[in-house]
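Down below is the structure, laid out as structure tokens.
Ligands are counted one by one from 1 in listed order, and the atoms in each one are counted from 1 as well. These figures come from a predicted structure and were not determined experimentally. All values below were derived from every heavy atom in this structure, side-chain atoms included, with hydrogens, water molecules and symmetry-related copies excluded.
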Amino acid sequence: MKEYLSSADDVLSAQGTDGESGLSETAASERLAKHGPNKLKEEEKTPLWIRFFQQMADPMVIMLIVAAIISAATGMIKGEADWADVIIIMFVVVVNSVLGVAQEAKSEEALAALQEMSAAQSKVMRGGKLVHLPSSELVPGDVVLLEAGDAVPADCRVLESASMKIEEAALTGESVPVEKHADAIELAAGVDDVPLGDRKDMCYMGSTVVYGRGRAVVCGTGMDTEMGKIAGALSEAKEELTPLQVKLAELSKILTILVIVICIVIFGVDIIRHGVGNVLTDPTALLDTFMVAVSLAVAAIPEGLVAVVTIVLSLGVTKMAKRQAIIRKLSAVETLGCTQIICSDKTGTLTQNKMTVVKHELASEENHFLAGMALCSDAKWDAEKGEAVGEPTECALVNDAGKAGMTNLVAEHPRVGEAPFDSGRKMMSVVVESLDGKYVQFTKGAPDVVLGLCTKVYEDGKVVPMTEERREQILAANKGMADEALRVLALADRIYEEVPGDCSAAALEHDLTFCGLSGMIDPVRPEVAPAIAEAHDAGIRVVMITGDHIDTAVAIAKQLGIVTDRSQALTGAEIDKMSDEELDARIADYGVYARVQPEHKTRIVEAWKKKDRIVAMTGDGVNDAPSIKRADIGVGMGITGTDVTKNVADMVLADDNFATIINACEEGRRIYDNIRKVIQFLLSANLAEVFSVFIATLIGFTIFQPVQLLWVNLVTDCFPALALGMEEAEGDVMKRKPRNAKDGVFAGHMGLDCIVQGLVITALVLASFFVGVYFDMGYINIADMIAGTADEEGVMMAFITLNMVEIFHCFNMRSRRASLFAMKRQNKWLWGASALALVLTVIVTQVPALVLMFFGDVTLELRGVLWALLLAFLIIPINEAYKAIMRAVEKDQ
Ligand SMILES: Nc1ncnc2c1ncn2[C@@H]1O[C@H](COP(=O)(O)OP(=O)(O)OP(=O)(O)O)[C@@H](O)[C@H]1O
């Protein structure tokens, strides 16, 4: 059936549904079972086993496998196959892959859960009731309500349209919105179809309502939609790497090259040591060096870095979601940590959006005024609940009339025409039947705007011409209410003998008669004032942007500590008078923007961005999308926000609450700090491993066997690194200025920290080695060490020291500068990870079979163990001293 060629009634009966009450719940669930969810098909996921092998495609892993094979093969040739290395290397490779797949799955899962949270909802009639459902649960036959800002959830036939305009660029390429109507399309003679863009009685999945409202019946869902036909399969939403991840991937590459060069040098030195001739006749002599070189490469390269950072990011994102901030783009987590300016809407974000009318300023009779306000609203009286449902401003008005006993207004005065609300006009109009057979138009909106259209005013029940004096009086009353932080709306009317032919805003909204003002209170959210104070401490500036009147806005901004004086506020009209240059020069002077339109928001963002500030901007309305896109952090509203804004936002507030933005900034700072701690921890350890092996090789002895290095990297490094990523925020996290977005990862002397700490660890490890040699031999003789006769105890002690240094050092890294002993709270994950690392280290150095596998035939005396521990422990006092020096140095900078 071509629904667009049939009448609405025919489509409804073909779909077996009712245009008013929609489908029953049972019919809907039967249809859902039959048609499946209203979703486009996703690309098939790569099977787990392929992903597992994909992990092995890393060049370093391949080198390891080759090394294991060569080791096994040469061992067999020599007839003394030593399977320990092979088994351990293969074990490492498999564990690496399993961890890799698990990490990938974990972060995908976190992102999928977030998408689910910000998934689109639809307003659907089910069994005569209006319900909000995830759009994926829509079925053919469902009757949906559409309004400005909604994404069209499925292919639908329009049943009713109040100036509903839809933007269909995704399907037709045409970006000018198309006005829709309910009348069937008439085919011109000789034509048997119309193109999609001309089907004005249809709306299609993938397009958005930009104006007005309407009702429509779903005809096609999921892959049966036009979108489904074009899209075929929706490619999996692949998350792009964040700037930090990109930088780290580059860093890993540079380090890989460096390490490979070092390996080649080590290899070269060893060839010279053995003598080129000897090597040519017996290549197996080089086997040990080959293994050290390869494993050093694998062990010293922080391959885990990117993965750990991804896990820390995705855990952070999950934690943010628990605090009501749903991240839609991973890169937002990083940017949140540098946010300097937050531009926030007032209504609903800073305030509770729970409006109650508390004052009237009447011109007409009270009954007429209350009824007019309620009739000129889309909120509906819910008799069961005994209160209105719908948009809060309008609910306040319907409740106001309800309190006066007027609860059946809509039935008594059916609506015959309307010009819907839009925040550009700041008003809306309806035409309803009046009891005397005439028709009344009610226009309600911002008092300054509505009053401008009034030529008459009620006085003692009569209509008299509007005078300048009366106008001044009304404006004064308006200001009085606004100064009390009330939101004020005006009502005006106009009488018709018959239904007006043209119900456009232009035709209706002039020559009106003023009826009165309603002042409603919208209390500020209690948690906002403390959040703003916290933002100020954290060097973040808060700016209020609102469509409301300047006096209301300033009164509320003063309560919240955003501004102290009216001179810090600007209106949209004043912005219009300013050139871009003027606005740029004075942008920092203002904390409140009132009576603004969405375009002004874009200008405000631009002006701040020109000052190189990182700006977050909230938005909910249809026209807010451009400013949200333009901001560094676009913030959408989960409850009141339109689909259009949510879809372009980097972050969505599940509770619409300003305080949530500040929490998210704090989380962003914490996560970035932790990532830097993880990076420093891993890099200093890797540097120490490279330095130790390099120095040992240059002198001519072997300090670590390949499996020992792999052990340290896999066991002692990984778990504490992850636990560090879960560290709580440091006490000063919201007391310092935002991080400069241009700072690199190594800003704040982190490169120096890595090198110094790497060298200290190297010194401790080498010292432990020499103590071991001394205990073994009673003297230290390099020649004996080179000959390999005096190193077994040394190797074991160096190994214990390296492991234990890592365990101690992860505690150092809880803060890059604050003393470990000044930390108030403990990180239970870190204790767990350290305990695990400790137990595993004890096992591998104490269980005889493992000792034989890892170190050969060696027993370490107790004094050796104690010395190794003591040397390892020194990392704490040395690092404390280093932190103290750096604190003093950085204080002077
Ligand atoms: N439903 C409505 N009917 C008529 N006028 C309205 C309605 N809602 C708002 N207005 C008027 O239009 C103005 C602009 O509304 P808009 O929705 O753009 O912003 P806002 O709700 O005041 O504030 P914010 O930008 O902080 O969300 C309001 O100040 C009010 O005077």
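Of the protein's heavy atoms, K444 NZ, 2.8 Å lies nearest to atom 3 (N) of ligand 1. Here the heavy atom of the protein found nearest to atom 8 (N) of ligand 1 is F421 CZ, 3.6 Å. Counting only heavy atoms of the protein, atom 9 (C) of ligand 1 lies nearest to R487 NH2, 3.3 Å. The closest protein non-hydrogen atom to atom 30 (C) of ligand 1 is L489 CD2, 3.6 Å. Nearest to atom 1 (N) of ligand 1 among the protein's heavy atoms is E394 OE2, 2.8 Å.
Q441 and Y496 form a side-chain donor-acceptor contact under 3.5 Å, judged by distance and modelled atom types alone. In summary, the side chains of T618 and T349 do not present any donor paired with an acceptor at a separation below 3.5 Å, with no hydrogens or angles considered.
Within the set S377, G547, S423, the minimum heavy-atom distance to atom 18 (O) of ligand 1 is found for S423.
Counting the atoms of ligand 1 from 1 in the order shown, those under 4.0 Å from a heavy atom of R595 are 29 (O), 31 (O). The contact set between ligand 1 and K346, taken as ligand atoms under 4.0 Å from a residue heavy atom, comprises 26 (O). Near A446, meaning under 4.0 Å from any of its heavy atoms, are these atoms of ligand 1: 31 (O). The contact set between ligand 1 and G445, taken as ligand atoms under 4.0 Å from a residue heavy atom, comprises 4 (C), 5 (N). Of all atoms in ligand 1, numbered sequentially from 1 with element shown, those under 4.0 Å from a heavy atom of I545 are 26 (O).
Of the residues D345, D522, D548, the one that meets the side chain to side chain contact (heavy atoms under 4.5 Å, CB included) test with T351 is D522.
Not less than 6.0 angstrom separates the ring centroid of F442 from the ring centroid of H413.
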Would you sort out whether K359 and E484 count as a salt bridge (Lys or Arg N to Asp or Glu O under 4.0 Å), showing the intermediate values? CA-CA 11 Å; K359 264 196 180 163; E484 290 172 47; 2.8 Å; yes
With side-chain hydrogen bond (donor to acceptor under 3.5 Å, both in side chains) as the criterion, how do S627 and T602 come out once you've worked through the C-alpha distance, each side chain's angles and the decisive distance to 0.1 Å? CA-CA 4 Å; S627 56; T602 320; 4.6 Å; no
Just do the salt bridge (Lys or Arg N to Asp or Glu O under 4.0 Å) check on E509 and R425 with the steps written out, would you? CA-CA 10 Å; E509 289 164 353; R425 270 169 39 247; 2.8 Å; yes
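Taking the charged nitrogens against the carboxylate oxygens, E147 and R213 have no contact shorter than 4.0 Å, which rules out a salt bridge.
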